[in-house]
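One structure is given below, encoded as structure tokens.
Here is how names work: the chains are called A, B, and so on, in the same order as the sequence lines, proteins then strands, and each is numbered from 1.
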Amino acid sequence: MKLRFAPSPTGFLHVGGARTAIFNLLHARRYGGTMLLRIEDTDVERSRQRHAEQIVSSLQWLGIGWDEGPIYQSDRLDRYRVRARELVDTGKAYRCYCTVEELEAERAEAERAGKQWHYSGRCRNLTASPDDPHVIRFAVPAGVIEFHDLIRGDVQFEGELIDDFVLLRSDGNPTYHLSVVVDDIDMEITHVARGDDHLSNTPKHVVLFRAFGAPVPSFAHLPLILGSDKKRLSKRTGATSAEEYREMGIVPEALFNFLTLLGWSPGENREIFTRDDSAHWFDLAGVNKAPAVFDPEKLLWMNGQYLMRMSADEIYPHLAPFLGEPPHRLDDVRAMIELHKMRARTLRELAEQLATYFADDDAIAYDPETVKKHLKGENLAPRLRALHDALAATEPFEITTSEAALRRLGEAEGVSAAKLIHPLRLALTGKGASPPIFDVAVVLGKERALKRLRRLIERLPELTSSGV
RNA sequence: GGCGCAUUCGUCUAGGGGUCCAGGACGCCGCCCUCUCACGGCGGUAACACGGGUUCAAAUCCCGUAUGCGCUACCA
């Protein structure tokens with residue numbers, strides 16, 4: 001068994017393409033088959049080497065591996081020409097001398113007349129010099145073309161309704177139809193899983209396989225991934241490339257898991273699972289028929305689940321690029337990550353939360369809402385000074401000891417611990433919400449925590465006076 | 001227009017004739033936990049597109065309708 005992912009390098013790796021690659025990989029892994037990566041760059045106008053590299057890099061990032069390739073179709077142009085000529089020699093394809101301009105004019109006229117245009121097939125029985133400019137068209141046989149699809153079941157098309165399509169362009173380059181079939185034969189592909197948008201191309205490929213006398217592979221047409229507008233996912237409705245999600249701070253394992261669940265389910269209410277798990281359960285025949293809407297909210301949730309379950313050491317390599325300059329060492333951020341990983345849905349959010357710890361102690365910005373809410377009451381200044389001294393006297397400075405010190409003070413003063421905790425949080429983080437404040441204090445370190453508390457106390461008059 | 005494919009909560013889905021007045025997840029809304037936030041726990045909201053058949057029985061099978069999407073290139 002052999003499967004392949006065959007993107008054309010005309011842009012970044014689309015999430016739909018990523019899912020196609022995943023499904024191919026999973027099916028191959030499930031049945032001990034091999035996976036091939038093939039770059040379909042026969043369209044010289046639109047293909048770019050940098051896109052091919054970008055796609056390869058996105059696949060690697062996502063953890064989508066392959067056993068063979070990447071093979072570039074542009075390296076095999078001669079092979080396609082040879083195969084096309086074979087079909088001409090056996091009368092299964094023919095030279096067509098119609099120019100693009102002529103056909104374009106015909107098409108325009110048909111449209112004006114409100115009619116459906118079809119290629120007439122008029123060059124089928126023509127004999128002209130092979131030296132004149134021409135394309136090679138396949139002579140599509142009449143009759144029903146039937147094939148089996150692992151996902152849809154039996155599908156059939158009427159051969160009469162399919163135009164004689166071009167195999168070789170006038171510049172000698174193959175079209176997709178030729179190169180894909182020639183390659184799938186040469187590379188002994190047994191299962192072709194690709195987007196649903198190819199379903200109506202498949203009868204063309206089936207007749208080509210037959211014309212070459214090659215076995216027809218099994219097909220699986222994957223339902224499309226839709227945007228919230230229920231149309232094919234496009235930039236209008238959200239991020240479309242794997243790269244964008246990477247930049248957003250999605251970890252590859254989460255995106256892989258999420259994409260796997262779009263159009264497929266392992267059953268038994270399982271949602272979070274590893275690549276190995278899914279490779280164990282997956283089967284193309286179990287893929288849904290209906291298209292699926294990409295829900296970014298659920299991706300975010302799932303990414304949060306992954307962050308939560310990963311260790312700080314696992315998160316760090318992914319997080320580092322988001323932390324900015326100067327670089328932070330793992331040992332310096334491990335405790336912070338541990339404290340915040342269940343509070344962030346993306347690496348970006350996580351990095352933003354950690355910024356508090358890297359901030360200058362004299363530059364904490366106090367959230368006005370929180371100031372209004374928690375900096376009030378009688379004797380606030382003296383009480384906070386007492387808190388400062390109590391914490392200063394705490395040795396060793398740990399979560400339990402600092403909390404005990406604060407609670408003792410609260411009792412002595414006859415106020416609830418909350419009356420001290422909220423201002424302390426504001427002092428240490430500038431915000432109204434944070435991880436448990438004694439954890440924050442310990443991560444910050446005694447010196448810096450006290451410094452931040454002193455700064456708040458100093459600025460108390462201006463913060464509380466005008467109410468501004 | 002032609003051809004093709006599809007249709008279960010807003011979204012992802014389970015389900016393949018009786019166990020389904022339809023299960024799980026995201027989101028949303030309550031409550032609990034609690035120093036806040038998050039996590040977690042508990043509960044709630046919400047769906048078989050429509051119409052005909054077949055059958056003792058249909059979300060599940062058949063037909064039609066509607067709607068949506070895809071393709072209809074010397075793009076893939």
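- For A/Leu224, counting side-chain heavy atoms from C-beta on, the closest listed nucleotide (B/C74, B/G70, B/A76) is B/G70.
- Side chains of A/Asp183 and A/Tyr80: a donor-acceptor N/O pair is present below 3.5 angstrom, by distance only.
- When heavy atoms are screened at a 4.0 angstrom cut-off, A/Pro436 is found touching base atoms of the nucleic acid.
- Residue contacts shown for A/Ala292 are limited to sugar-phosphate atoms, with no base heavy atom under 4.0 Å away.
- Listed nucleotides: B/C35, B/G24, B/A6. Nearest to the side chain of A/Ile421: B/C35.
- Taking a pair to require two hydrogen-bonding distances under 3.5 Å in either a Watson-Crick or a G-U wobble arrangement, B/G1 pairs with B/U72.
- Closest contact between the side chain of A/His422 and the listed nucleotides B/A76, B/U36, B/A73 involves B/U36.
- In this structure, A/Glu158 atom CD and B/C3 atom C1' are separated by 10 Å, rounded to whole Å.
- Using a 4.0 Å heavy-atom distance criterion, A/Arg152 is classed as a sugar-phosphate-only contact.
- Of the candidate nucleotides B/U7, B/C3, B/C74, B/C3 has the atom lying nearest to any side-chain atom of A/Leu161.
- In this structure, the nucleotide among B/C74, B/G70, B/A6 sitting nearest to the side chain of A/Pro291 is B/A6.
- Residue contacts shown for A/Phe157 are limited to sugar-phosphate atoms, with no base heavy atom under 4.0 Å away.
- When Watson-Crick and G-U wobble pairs are counted only if both distances are under 3.5 Å, B/G43 pairs with B/C29.
- Rounded to whole angstrom, the span from the CD atom of A/Glu146 across to the P atom of B/C3 amounts to 18 Å.
- Across all strands shown, nothing is found opposite B/U60 as a Watson-Crick or G-U wobble partner with both distances under 3.5 Å.
- Each of B/C12, B/A76, B/C71 was ranked by its minimum atom distance to the side chain of A/Arg232; first place goes to B/C71.
- Partner of A/His205 under the ring pair (Phe, Tyr, Trp, His ring centres under 6.0 Å) criterion, chosen from A/Tyr176, A/Phe219, A/Phe138, A/Phe165: A/Tyr176.
- Set against B/A6, B/C12, B/C71, the side chain of A/Ser200 has B/C71 as its closest nucleotide.
- For the pair A/Arg270 and B/C12, the criterion of a side-chain N or O lying under 4.0 Å from OP1 or OP2 is not met.
- In this structure, A/Pro435 reaches the bases: a heavy-atom distance under 4.0 Å links it to at least one base atom across the strands shown.
- Distance, A/Phe147 CZ to B/C5 C1': 10 Å, rounded to whole Å.
- To the nearest angstrom, P of B/C26 lies 8 Å from CD of A/Gln305.
- If you check every strand for non-hydrogen atoms under 4.0 Å, A/Ser434 touches a base.
- Going from the C1' atom of B/A59 to that of B/U7 covers 12 Å, rounded to whole Å.
- Using N1 to N3 plus N6-O4 or O6-N4 for Watson-Crick, or N1-O2 and O6-N3 for G-U wobble, each under 3.5 Å, B/C20 pairs with nothing.
- Residue-level contact check: A/Val293 touches the backbone only, with heavy atoms under 4.0 Å from sugar-phosphate atoms and none from bases.
- For B/U67, the paired base is B/A6 (Watson-Crick or G-U wobble, both distances below 3.5 Å).
- Residue A/Gly304 is classed as having no contact, given no heavy-atom separation below 4.0 Å to the nucleic acid.
- Ranking B/C74, B/G27, B/C12 by closeness to the A/Lys298 side chain, first place goes to B/C12.
- Counting non-hydrogen atoms under 4.0 angstrom, A/Ser416 reaches nothing in the nucleic acid.
- The 12-atom threshold is exceeded at CD of A/Glu146, counting heavy atoms of other residues, nucleotides or ligands nearer than 6.0 Å.
- You'll find that the side chain of A/Glu271 is closest to B/G24, out of B/A38, B/G24, B/C5.
- The base of B/A76 lies outside donor-acceptor range of the side chain of A/Asp197, with no N or O pair under 3.5 Å.
- Of the C1' atoms belonging to B/G15 and B/A25, the separation is 15 Å, rounded to the nearest Å.
- The side chain of A/Asn288 has B/U13 as its nearest neighbour among B/A25, B/C74, B/U13.
- Side-chain N or O atoms of A/Arg137 include one that pairs as donor or acceptor with a backbone N or O of A/Asp164 at under 3.5 Å.
- Of the side-chain N and O atoms in A/Lys419, none sit less than 4.0 angstrom from OP1 or OP2 of B/C35.
- In this structure, A/Lys230 does not reach the B/C69 phosphate: none of its side-chain N or O atoms is under 4.0 Å from OP1 or OP2.
- Look at A/Arg137 and you'll find a side-chain N or O under 4.0 angstrom from OP1 or OP2 of B/C74.
- When the P atom of B/U34 is taken as reference, atom CD of A/Glu403 falls 12 Å away, rounded to whole Å.
- On the C1' atoms, B/A58 is 11 Å away from B/G16, given to the nearest whole Å.
- Phosphate proximity of B/U11 to A/Ser228: absent, as no side-chain N or O sits under 4.0 Å from OP1 or OP2.
- Base contact: A/Gly432 has a heavy atom under 4.0 Å from a base atom.
- A donor-acceptor contact closer than 3.5 angstrom is absent between the side chains of A/Asn303 and A/Tyr245.
- Under the 3.5 Å distance criterion, the side-chain polar atoms of A/Asn24 are matched with a main-chain donor or acceptor of A/Thr20.
- No side-chain donor from either of A/Arg19 and A/Thr260 sits under 3.5 Å from a side-chain acceptor of the other.
- Between the C1' atom of B/C74 and the OH atom of A/Tyr94 lies a distance of 13 Å, rounded to the nearest Å.
- Between the CG atom of A/Asp164 and the C1' atom of B/C74 there is a distance of 14 Å, given to the nearest Å.
- Heavy atoms of A/Val135 sit under 4.0 angstrom from at least one base atom.
- One side chain, A/Arg309 or A/Gln305, offers a donor N or O that lies under 3.5 Å from an acceptor on the other.
- Looking at heavy-atom distances under 4.0 Å, A/Gln156 makes contact with sugar-phosphate atoms alone, never a base.
- Regarding A/His205, its NE2 atom lies at a distance of 14 Å from the P atom of B/C71, rounded to whole Å.
- Applying the 3.5 Å distance criterion, the base of B/C74 shares no donor-acceptor pair with the side chain of A/Thr175.
- Positionally, the nearest nucleotide of RNA chain B for A/Gly286 lies more toward the 5' end than for the other of A/Arg407 and A/Gly286.
- Nucleic acid contact class of A/His198 (heavy atoms, under 4.0 Å, all strands): base.
- In this structure, A/Lys341 contributes its side chain and A/Met310 its backbone to a donor-acceptor pair below 3.5 Å.
- Among the atoms of the strands shown, none is found under 4.0 Å from any heavy atom of A/Lys431.
- Across all strands shown, B/U36 forms no Watson-Crick or G-U wobble pair with both key distances under 3.5 Å.
- Judged purely by distance below 3.5 Å, without hydrogens or angles, the side chains of A/His198 and A/His221 never pair a donor atom with an acceptor atom.
- Side-chain N/O atoms of A/Arg309 include none lying less than 4.0 angstrom from OP1 or OP2 on B/C39.
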